Every structure is written in C-alpha cells, then in structure tokens.
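Report on one structure; see the data block that follows.
Predicted, not measured: the structure shown is a model, and the values here were computed from it.
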Amino acid sequence: FVYSNSLDHAYEPQKAFRAWYDALVVGGVILLDHSDRHEPDAATEMDPFGATLSGLRTMFVSLFGAKGQVEEVQSGVMPGVCTFVFQKTE
C-alpha cells in the first residue's frame with residue numbers, strides 16, 4: 001500500500017499518483033487522508049495542490065480508468081478527516 005496525508009504539498013500530483021500506482025501490485029491500495037485543509041480554497045505557496053473528494057475521484061478515473069476502483073472511507077480517528085481509497089485492479 002501507499003499512504004499519504006501530504007498530497008497538498010505536491011506541485012505535480014498526477015506525477016505522484018502515477019508513481020504510486022506503478023509501485024502497487026494488483027490488489028494494492030493508495031490511501032490518502034483528506035480534510036478541509038486539502039480543499040482548493042486552502043491551497044497556499046507551501047501547499048500548492050488542493051482538491052475536493054470529487055476532484056480526487058475524477059483525477060484517479062481520468063488517469064487510470066478501469067485499472068482501479070475508488071471509494072471513500074470515513075475515518076473515525078479525527079473528526080472531519082476521511083481516507084480516500086484507490087485499489088489497483090489490473
């Protein structure tokens with residue numbers, strides 16, 4: 001698996017997604033923590049990338065199509081934080 005809670009620091013998030021995807025075996029997952037601090041309105045010079053959960057889903061589908069499946073899992077660890085899950089299927 002690949003885990004990140006700092007995608008907002010990526011200047012080229014698609015490049016990160018591709019590298020993470022390439023590191024997975026079939027059945028492997030990418031786990032991304034997401035909160036309101038990861039939304040587009042929260043982007044800054046230090047945190048240049050922001051996306052909604054819907055935007056993350058769209059990005060993964062456009063990059064990988066039928067090669068994976070996306071689901072969102074609400075985390076109970078911290079209020080307002082959910083974990084976005086992508087599983088490689090081929």
Of the non-hydrogen atoms in Trp20 and Leu7, which two are nearest, and what is the gap between them? CH2-CD1, 3.9 Å
Across all chains, not counting sequence neighbours, the salt bridge (charged side-chain N to carboxylate O under 4.0 Å, His left out) partners of Arg57 are Glu72
Pair up each side-chain donor or acceptor in residues 22-29 with any protein partner under 3.5 Å, not counting sequence neighbours, and list the distances.
none

Just grab all the salt bridge (charged side-chain N to carboxylate O under 4.0 Å, His left out) pairs involving residues 25-34, residues at least two apart or on different chains. none
Distance, nearest 0.5 Å, that separates NE2 of His34 from CG of Asn5: 12.0 Å
In Å and rounded to the nearest 0.5 Å, what is the CG to CZ distance from Leu63 to Arg18? 5.0 Å
Go through the structure and list residues passing ring-ring contact (aromatic ring centres under 6.0 Å, His included) with Phe64, not counting sequence neighbours. Tyr21, Phe60, Phe86
On a heavy-atom basis, the closest approach of Ala66 and Thr89 is O-OG1, 3.3 Å
Counting neighbours of CZ on Phe1 that are heavy atoms of other residues, nucleotides or ligands and sit closer than 6.0 Å, is the number greater than 12? no
Can you tell me how far the CG atom of Leu53 sits from the OG1 atom of Thr58, to the nearest 0.5 Å? 10.5 Å
Pairs where residues 78-90 contributes a residue and the test salt bridge (charged side-chain N to carboxylate O under 4.0 Å, His left out) is met, not counting sequence neighbours: none
Applying side-chain contact (heavy atoms from CB on, under 4.5 Å) to Ser6 and not counting sequence neighbours gives Ser4, Asp8, His9
